[in-house]
Amino acid sequence: MTLQRIGGLAALICAGTYIFGFALLVTLLAELGFGTNDIDTAAVVRFTVDNQAIMITWNTVIYIVNALALAVLVVALSRRLTTRSADWGSVSLAFGLMWTTLVLGAGMMGNVTTERVVALASSDFDAAVQTWETLHAVELGLGGGNEIAGGVWILCVSLAGLLYRALGKVVVGLGLFTGIGGLLTIFPPLGDVAGAVFGLGAIAWFIAVGLALLFKGHGAETEETA
């Protein structure tokens, strides 16, 4: 199997982790205000204590599994772009690995936060709430609360794909839309809306990239068999 096809599978895994995340966000976590500025921190801590396995699974899928698959996709797309422009391939690789590292770090921080909060809650609930607020802020700073790094990478890949015709029009169009949404998360008033645009756009973009690499990428360039 070629690196391009492996990258295609990785892209679909990334899409799957986003779908899983949104599914929990609009069901089990909706009443907690999770992912919004109106989050009920005390309710989150109580939910975490009662559902530690769910929160560990949530963090592991949306962050850690996503980051591992993303690393493969970043390398595959960098290789694809390098055949058209070595400079753009290197730049996309740098931005992509930055984002991958931040996502992985956010996942590890999220799981540590869950474990620490559960341990504290039985003896000092208020301390558990304060700890969750502090550590969750770090998690959001790494990648859960803004999508700047992801937006920059997707924009970079999409612009290079447009300039050098390395990616199809659908992939490029979705990528430009999603990337701009990610950049707009830097503005607090637009944070929730821009984050939703980025997340939903990323699902469509990952699926489009995955299908392109799986079914259209094998003849687009010469590469070694992985």
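Keep in mind the model is a prediction, meaning the values are calculated, not measured.
- Note on Leu32: it clusters hydrophobically with Phe22, by side-chain heavy-atom contacts below 4.5 Å among ILVMFWY residues.
- Residues Val117 and Met55 fail the side-chain proximity criterion, which asks for heavy atoms closer than 4.5 Å.
- Of the possible polar contacts, none joining the Thr185 side chain to the Ala194 backbone as a donor-acceptor pair under 3.5 Å is found.
- Thr48 has its side chain within reach of Val118: a pair of non-hydrogen atoms, C-beta onward, lies under 4.5 Å apart.
- Aromatic rings of Phe198 and Trp205 (six-membered ring for Trp) have centroids beyond the 6.0 Å cut-off, not under it.
- Taking 4.5 Å as the limit, every side-chain heavy atom of Leu24 sits out of range of all side-chain heavy atoms of Ile62.
- Under 3.5 Å, the side chains of Glu133 and Thr41 contain a donor-acceptor pair of N or O atoms.
- Within the 3.5 Å criterion, the main-chain N or O of Gly110 finds a donor-acceptor partner in the side chain of Thr114.
- For the pair Met109/Tyr63, no side-chain contact is recorded, criterion being any heavy-atom separation below 4.5 Å from C-beta on.
- Using a 4.5 Å heavy-atom threshold, the side chains of Val157 and Val74 count as separate.
- Within the 3.5 Å criterion, the main-chain N or O of Thr131 finds no donor-acceptor partner in the side chain of Arg116.
- The aromatic rings of Trp99 and Trp153 are tilted relative to each other, their planes meeting at an angle between 30° and 60°.
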